[in-house]
Amino acid sequence: MATGILSNLNEAQCEAVTTAADVVQVLAPPGSGKTKTLTARVAYLLAERRLKPWNIIVCTFTVKAANEMKERITKFVGHECAKQLKLGTFHSVALRYLKQYGQHIGLGKDFGIADSSDSKAIVKRIIKKNDFSGDAGGARGRISTQKAKGIDSEQFWKKAKDVEQQEFARIYREYEETLKASDLLDYDDLLLRCCLLLRVEPACVSNVEALLIDEYQDTNNIQYDLMGLFAQHRNVITIVGDPDQSIYGFRSAEIKNLTRMKEQWPDTLTINLEENYRSSGAILHAAQHIIEQDESRPPKKLQATHTYGQRPVLRKLPSAAAEADWLVAEIQRIQALSGDLLQPNDFAVLLRSAALSRAIETALGREGVPYRMIGGMRFYDRAEVKLLVDYLRVVDAPGNNEAVERIINVPPRRVGEGTVKGLHEEAQSKGVSLWSLVLDVVQGRCKPTTKVTPSTQTGLAKFVDVILSAQKKLASVTAESAPLVNLLQHLITKLSYQDHLKRKFPDEYEARWTNVEELVAQTIEASDPERLTAIVNDGALPSIEGLERRTESVAEDALSLFLANVTLATAGTEKAEQDGETAQQVTISTIHGAKGLEWPVVFIPACYDGSIPHSRADDNDEERRLLYVGMTRAQALLYLSTPLRNSQREEASMSTFLTQPGVAAFFEEHGPSVAIADVRALAKTLRRDCPSDTAIAESKKTLERDEDNYWPLTGEEPFEERAKWDRSRPGDAAWTFGNTRPAAVFSNATVTMQQQQGYSTTSATTKPGFVSAKEQYDDILEQQKLKKVDERAAQVRTASEDKPKTRKRQIEGQGTIASFFAKPPGRVGYGPVAFGGDNLPDATLEDAMPSAKRTKQPLHELRNVNSAPLERALVRPLQPAYKLPPAPLLRPSPSSTNMLATGTGSAYVFLSSSPPQPEEAPDPETAGAMPRSDDVGDEKTAVVRARPATTFHTTSMQIAAPQRKTLGMRRSLQGWNARGGKR
DNA sequence: AAGACACCTTTTTTT
DNA sequence: AAGGTGTCTT
Ligand SMILES: Nc1ncnc2c1ncn2[C@@H]1O[C@H](COP(=O)(O)OP(=O)(O)OP(=O)(O)O)[C@@H](O)[C@H]1O
């Protein structure tokens, strides 16, 4: 057993895993196998030391890290054992203790968790009420900082010196009172109360035999205390961390906790790992050089185990849109030149902030590259989903004033701001909850001092009815009958939620509704009795003799369990992640979200001042570490880039971290030429089989351009800007080049360009290279124009022709020329693209898509993904659904759950970027290029056909009848619709 | 007093 | 794109 655990570890790692020392710190740079060591130690403790899984606590800082950890441990010890570990984020572990032992500190069982919007709303109201200045977000952050320091509102109140501090002290105090009144704990409270509990009742953790913590550099002081308390009986602690990767200072992470730990446990064994198993030498060198700009940092050894490899790329592009186009073209180029050694899964785009994803998503979408988005706006934070969740929260715990306030007038019930404010204050002064006051008012038990007009009274009555009937529903239903789904369906009906969404989001109703469907699907999964029982049982802390413990019941606690998971962002993520890994898709993530993960190819776009380092960041060193973390995610290829103008078209200059003297020497100015030898090296680094030379040559042929030489290295616009002046074009407004996306021109062209002879990478850095490229460009332009005329003639009518909307789009640069060309069969995209608005009025839709209804080819044959969800798509009506289709949603049997589950991943692909689409121009030539149905699912035969992209941009979503969309997929769909819909 | 509509700014990172 | 603000109508 032990040999299995230790077989892939080096000496230092082995020592860390097997050491008899109680307290162990593993301090090591990125990619040195820290997480691997930690998981191996868990396995070792279980197998060799015979610890019981339920006596081991494993803590991480993010949900994703927790899932990743669980997966890795499962590989060692199997699911049966792994699931019994007390493994999770600090917050979720703390929550378990509070749920089960909270009574020892006077905490009821039914407390809720305040999410950030609750907290912010509370603070905002307090500020407004008291006429204080300052922003709610800032005050909220300050409260959190104080809590992390262990200073409660009373302490702060006492030591507040100046007026400003007193003002804040008041906000802090009222905030705490408000939480208490609603029986809510905020994120920090979960940790604080858990600390309190473990101090008051140490027996709670008397069973704990070992504690392990990943990414320890991210601990804040409460978490530090919690660590000591969890381990207080046996003091067996293993932590791994890297001070250079500390990127959570904004939530009070203290790197000092490393030394503090050594002081508290003087026998701490510190082990350093120095070998990097992840990245090529070139990437490590560059990353190392950047982190060493921080002069306060002690020098460290970092030994590459891989070859030097390709130097990372530092690229300048004219605009954010151009950057995105270049990036996508590089993904396609590298995949092709690697002979499909690299697949979409192997690429990641890492961003400083989630909002930067828009340009990238647009470009990926246009090229039909499937992707998934991690981080950013969460599924449960979307307005249409959050509202329903808030209803559920009120049904679960009507004392939650915050949630009541948010839903009391949505949909509009003529209960306005003034009334709510009045009632809220009245309730507060009476010492009752808003809900019970409203209930009394409606049921005539109490006349409010607040003026309530008759129509408002009616509105309140409606509201009360919704909640009461829902509560009844919940109570009357047994665990076996999927209480959550029934409850949610009840609410949706009772609220006429479809109509509400239609009114509120006329342009993007479909997308919003799809999210509601997704929520319903999530609750199906969450209320699967087997699953619930498993969660309750495995989540339960072991019972300890002589210690009173509250247990959870599947029937009664399904709702609150689900809601807690929603707030802690745990709900649905595990499944979504598994699905995300099986489907072939490019990952887009924030850098924070990417910590601990790795990909063969990593892009970090938008490396400009203001983004990295962020303009609002107050610790530049942390920003630098963030860049370092991003860079060290890459195994084989790393691309940094910056647009010279950001998405708001303001001038942007390259990040100061990248303009320091000496940095340039570590980078290439453009993407690498990839020769066959490079592919072999790549295969070796990734420990994969190398494709045959012929396979590589074949896939290379599908590329129009096998060098990264389209965009000038200076960051200027490429030639077609000049072409615009040089050439006279027939008077077709749609042909305006404007900001067109030239990359798309090339990758979409049917005309195969002759390979550029003698055009080496080095010459790409010189101007002449571009001149010759221009000639080829002109050539292609000519041919493409001819082809365009042909296509136009062949098509009775192109949808975009008489739509000013599309024309405007084109002028804005949303893929003009590309629209008129067929992609070569075989590669480039991964499936047909369909995008954008499902929001057009039906008439426009039919106008726009005359061919939509003529489609002969079944949709699922058009793409290379799992066909199951597509069949679901076909069952769905073409017109917007006005009813929840009950069939797929109301089968709570395990098989249906599975179906939905697998659907998730693929639907993901499908909705995120490349929904299936009917053939746009059923012309025989392109039809011949269609894949046969038995080709479906084979990556290599992915075939892309002619399509006017602009048309799809605006219409295809409706035809593609969006399926379940999963967590994190978000904006792809929604953002698009929002865009397509306007104007 | 509530709602509908237009117009404005502002958008870090996570539990 | 969502939240705030301001104006007008009901
Ligand atoms: N002894 C080893 N031999 C071969 N490969 C290893 C070894 N140790 C780790 N690796 C590999 O190195 C990669 C990085 O490992 P891991 O994610 O555990 O590193 P890490 O130190 O946790 O990185 P980070 O600090 O970035 O989270 C993984 O692909 C892992 O499989």
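Only heavy atoms go into these numbers, but all of them, side chains included; no hydrogens, no water, no symmetry mates. A, B, ... follow the sequence lines: proteins, then strands. Residue 1 opens every chain.
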Separation of atom [atom1] in [X] from atom [atom2] in [N], rounded to whole Å:
X	N	atom1	atom2	value
I591(A)	dT12(B)	CD1	C1'	11 Å
L351(A)	dT11(B)	CG	C1'	14 Å
I127(A)	dG3(C)	CD1	P	17 Å
I408(A)	dA2(B)	CD1	C1'	14 Å
N646(A)	dT12(B)	CG	P	14 Å
E384(A)	dA1(C)	CD	P	14 Å
K120(A)	dA2(C)	NZ	P	13 Å
K386(A)	dA2(C)	NZ	C1'	14 Å

Review point. Which is true for N409(A) with a 4.0 Å heavy-atom rule: it touches a base, it touches only sugar-phosphate, or it touches nothing?
Key: sugar-phosphate
Review point. Closer to the 5' end of DNA chain B via nearest nucleotide, is it R413(A) or H614(A)?
Key: R413(A)
Study note, to complete from the structure: By nearest-nucleotide position on DNA chain B, the 5'-leaning member of D618(A) and V415(A) is V415(A)
I'd like to know if [X] pairs up with [Y] as an ion pair, taking the criterion as any Lys NZ or Arg NE/NH1/NH2 lying under 4.0 Å from an Asp or Glu carboxylate oxygen.
X	Y	value
K34(A)	D214(A)	no
D152(A)	R193(A)	no
D115(A)	R378(A)	no
R393(A)	E402(A)	no
R125(A)	E405(A)	yes
E598(A)	R633(A)	no

Exercise for review: Ignoring the backbone of R358(A), work out which of dA1(C), dT11(B), dA1(B) is nearest its side chain.
Suggested key: dA1(C)
Exercise for review: Step through it carefully: locate the ring centre of F250(A), locate the ring centre of H592(A), and say whether they are under 6.0 Å apart.
Suggested key: yes
Review point. How far apart are the C-alpha atoms of L495(A) and L388(A), what are their side-chain angles, what is the distance that settles it, and do they pass the side-chain contact (heavy atoms from CB on, under 4.5 Å) test?
Key: CA-CA 10 Å; L495(A) 295 170; L388(A) 285 177; 4.3 Å; yes
Review point. R414(A) or A383(A): which one's nearest nucleotide on DNA chain C is closer to the 5' end?
Key: A383(A)
Revision key, fill the gap. DNA chain C nearest-nucleotide lookup for F505(A) and K128(A): closer to the 5′ end is F505(A)
Review point. Do side-chain atoms of R625(A) reach the backbone of S246(A) as a donor and acceptor pair under 3.5 angstrom?
Key: yes
Taking only nitrogen or oxygen atoms into account, show me every contact under 3.5 Å that the protein makes with nucleotides 13-15 of chain B, one pair per line with its distance.
from, atom 1, to, atom 2, distance (Å)
dT13(B), OP1, A354(A), N, 2.7
dT13(B), O4', R352(A), NH2, 3.3
dT13(B), O2, R352(A), NH2, 2.8
dT14(B), OP1, T590(A), OG1, 3.1
dT14(B), O2, R251(A), NH1, 3.4
dT15(B), OP1, V63(A), N, 2.9
dT15(B), OP2, R378(A), NH1, 2.6
dT15(B), O3', H91(A), ND1, 3.2

Below 3.5 Å between N/O atoms, which protein atoms pair up with nucleotides 6-10 of chain B? Just atom names and distances, please.
none

